[in-house]
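It should be emphasised that the depicted structure is a prediction, and the values quoted were computed from it without experimental measurement. In what follows, every chain begins at residue 1, and chains take the letters A, B, ... in the order their sequences are listed. Because only heavy atoms are used, hydrogens play no part in the values below, and waters and symmetry mates are left out as well, while side chains stay in.
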2 protein chains.
Amino acid sequence: MTKNTSLKEYWENKPRLLPSVSIDCVTLGFHNNQLKILLLKYKNTDYYALPGGFINLDEDLEDAAQRILEERTGLRNIYLEQFHVFGSKNRRNDETHRQIMAGCGIEMKPNNFLLNRFISIGYYALIDFSKAIPSPDELSDSCDWYDLDKIPTLMFDHNEIFSKALETLRTMLDDKLIGFNLLPETFTMNELQNLYETILGEKLVRSNFQRKMLGLGILERIEKKMTGAANKAPYVYKFIGG
Amino acid sequence: MTKNTSLKEYWENKPRLLPSVSIDCVTLGFHNNQLKILLLKYKNTDYYALPGGFINLDEDLEDAAQRILEERTGLRNIYLEQFHVFGSKNRRNDETHRQIMAGCGIEMKPNNFLLNRFISIGYYALIDFSKAIPSPDELSDSCDWYDLDKIPTLMFDHNEIFSKALETLRTMLDDKLIGFNLLPETFTMNELQNLYETILGEKLVRSNFQRKMLGLGILERIEKKMTGAANKAPYVYKFIGG
DNA sequence: TGATTATTGTACCATTTTGATACAATGGTA
DNA sequence: TACCATTGTATCAAAATGGTACAATAATCA
């Protein structure tokens with residue numbers, strides 16, 4: 001979306017986008033020992049949604065995912081990975097689209113680009129919460145973090161897309177060491193364990209978890225961290241890619 | 001594609017298909033202790049390709065994959081799973097399309113549906129080789145099995161699609177027990193081990209493999225199989241879904 | 001008929017990995 | 001200085017894995 005084109009003009013004309021294909025991002029962060037998901041709320045509606053968008057005709061798919069996430073949330077250089085394509089024939093609903101656009105003062109003509117069938121490619125985005133300052137785009141009232149057990153009803157099949165993302169994240173967690181994308185540069189073993197427990201949804205034995213992680217040879221021990229608490233200070237670690 | 005429409009008419013007009021999206025199937029079978037892949041060769045050309053096709057406007061994505069595989073190879077009720085989307089902006093080539101269609105006596109007008117950008121959703125198809133009798137469709141000279149180490153240069157990015165499929169299959173093999181889709185109803189432990197060794201590309205210790213497989217509790221021992229060889233007859237097993 | 005041979009099913013043992021508990025060290029508080 | 005909560009690590013049993021051995025068996029051959 002070029003800067004000198006108004007949002008209204010942009011969506012009321014047929015944009016130069018790849019038809020039929022959208023991208024939706026399941027954007028996860030970790031804060032206060034809780035996994036959080038980033039959701040948009042469309043202006044003047046009750047519709048919550050995953051941040052998503054469309055692919056420019058001259059743009060690689062992976063680049064599009066990065067750009068879309070940035071345009072809709074302000075987040076840059078995020079770890080993104082595609083995990084599934086959602087292609088039920090009735091997964092979308094024209095009336096919802098009309099309401100969303102109307103909320104932004106945009107009228108949709110009957111032949112509008114958006115009113116065709118779309119499949120959506122799901123990406124999960126893993127974010128260092130401490131660095132991320134999400135901000136809503138022009139279509140949205142808000143762009144906020146939600147606890148996973150307090151996700152509102154989402155537009156279309158976005159709840160299903162979220163579930164599949166979480167399931168994929170769980171099975172990939174040990175395999176691809178993607179969890180570290182959710183933590184700051186440095187972290188304690190306790191924080192890492194809390195993250196794993198939250199994602200997997202089960203308690204782990206502390207000593208065994210520590211042994212396993214150190215055994216992977218992907219952690220560099222940096223220094224002690226004086227927490228101020230009345231106990232032994234934990235080491236702080238850095239992830240050094242496997 | 002309706003039966004009373006000729007191939008020529010069909011492709012020279014704009015079909016009622018979902019724009020921008022294609023499906024390509026990496027179709028694998030197992031025969032003579034070798035993994036094989038099913039490839040099409042387009043009529044009167046040197047272009048080899050994965051069997052692929054397009055999605056009808058009123059068709060679920062998963063249904064489309066099944067239909068496409070059947071239309072292009074004659075194979076029905078196949079185990080299919082999507083594994084990756086391929087979306088580089090320059091992954092296709094118009095001239096190749098023109099040649100393929102010309103090989104079938106079909107002229108492509110400049111605004112033909114096929115001459116737009118497409119992303120492709122990769123599915124892998126796992127086949128019981130003994131039941132599969134593939135047959136080429138109207139666009140293809142041949143529809144044949146190839147050894148994995150003798151795959152010709154394929155159209156577009158189809159070699160890359162194949163590689164990603166094999167990689168996915170390897171990592172999923174233990175997780176989802178998908179290997180059994182490549183074997184007949186009943187099989188010996190030796191056949192099962194050969195399959196695993198072929199997919200993983202490494203030798204396994206016979207006794208340990210047997211212990212592991214029996215330990216999964218997913219095999220039913222049927223009967224002894226007299227092979228005619230001068231040695232102890234192996235049992236025959238059936239897969240009983242986990 | 002009985003020795004021979006290749007392959008199968010399983011037992012066995014050593015090594016590694018995992019699960020669970022214990023304990024000394026430490027940074028603070030009372 | 002006693003006490004407390006948490007951390008890093010040791011320890012030990014149980015389970016999983018890697019590797020070898022061996023008896024059973026279905027044929028062949030002398």
Roughly how many Å is it from [atom1] in [X] to [atom2] in [N], rounded to a whole number?
{"X": "B/Phe209", "N": "C/dT7", "atom1": "CZ", "atom2": "C1'", "value": "16 Å"}
{"X": "A/Met213", "N": "C/dT18", "atom1": "CE", "atom2": "C1'", "value": "14 Å"}
{"X": "A/Lys212", "N": "D/dG8", "atom1": "NZ", "atom2": "C1'", "value": "19 Å"}
{"X": "B/Leu214", "N": "C/dT8", "atom1": "CG", "atom2": "P", "value": "14 Å"}
{"X": "A/Gln210", "N": "D/dT7", "atom1": "CD", "atom2": "C1'", "value": "7 Å"}

Sub-3.5 Å pairs of nitrogen or oxygen atoms, protein against nucleotides 23-30 of chain D:
from	atom 1	to	atom 2	distance (Å)
D/dT25	O2	B/Lys232	N	2.9
D/dA26	O4'	B/Asn231	O	2.6
D/dA26	N3	B/Ala230	O	3.4
D/dA26	N3	B/Asn231	N	3.0

Handout entry: A/Asp60/A/Arg67 salt bridge by N-O under 4.0 Å criterion
Key = no
Practice task
In plain terms, say whether A/Asp141 and A/Lys43 are close enough for a salt bridge, that is, a side-chain N and a carboxylate O under 4.0 Å apart.
Solution key: no
Fill in the blank from the handout: side chain to side chain donor-acceptor pair (under 3.5 Å) pairs touching residues 227-238 of chain A, sequence neighbours excluded, are A/Arg221-A/Tyr237
Contacts of [X] that satisfy side chain to side chain contact (heavy atoms under 4.5 Å, CB included) - sequence neighbours left out:
{"X": "B/Ser207", "answer": "B/Val205"}
{"X": "A/Asp147", "answer": "A/Gln34, A/Lys36, A/Asp149, A/Lys150"}
{"X": "A/Thr188", "answer": "A/Asn190, A/Glu191, A/Lys225, A/Pro234, A/Val236"}
{"X": "A/Asp157", "answer": "A/Phe86, A/Arg91, A/Glu160, A/Ile161"}

Problem - Partners passing ring-ring contact (aromatic ring centres under 6.0 Å, His included) against B/Tyr196 (at least two apart in sequence or in another chain) - result: B/Phe209
Handout entry: Set of ring-ring contact (aromatic ring centres under 6.0 Å, His included) partners for B/Tyr146, sequence neighbours left out
Key = B/Tyr48
Exercise for the section: Sort out the partner of C/dA30 for me: Watson-Crick or G-U wobble, both distances under 3.5 Å, none otherwise. Expected result: D/dT1
Exercise for the section: Would you please say whether a donor-acceptor pair under 3.5 Å links the side chains of A/Asn90 and A/Ser88? Expected result: no
Practice task
Taking atom CG of B/Asp46 as the centre, report whether more than 12 heavy atoms of other residues, nucleotides or ligands fall under 6.0 Å from it.
Solution key: no
Practice task
Please work out which of the three classes, parallel, tilted or perpendicular, describes the rings of B/Phe187 and B/Phe180, given edges at 30° and 60°.
Solution key: tilted
Polar-atom pairs under 3.5 Å, protein N or O versus N or O of nucleotides 19-22 of chain C: list them with distances, or write none.
from	atom 1	to	atom 2	distance (Å)
C/dG19	N7	A/Arg211	NH2	2.9
C/dG19	O6	A/Arg211	NH1	3.2
C/dA20	N7	A/Asn208	OD1	3.1
C/dA20	N7	A/Asn208	ND2	2.9
C/dA20	N6	A/Asn208	OD1	3.2
C/dT21	O4	A/Ser207	OG	2.5

Below 3.5 Å between N/O atoms, which protein atoms pair up with nucleotides 14-16 of chain D? Just atom names and distances, please.
none

Handout entry: Sub-4.0 Å heavy-atom contacts from residues 185-195 of chain A onto DNA chain C, ordered by number
Key = none
Exercise for the section: With sequence neighbours excluded, tell me which residues meet side chain to side chain donor-acceptor pair (under 3.5 Å) with B/Tyr124. Expected result: none
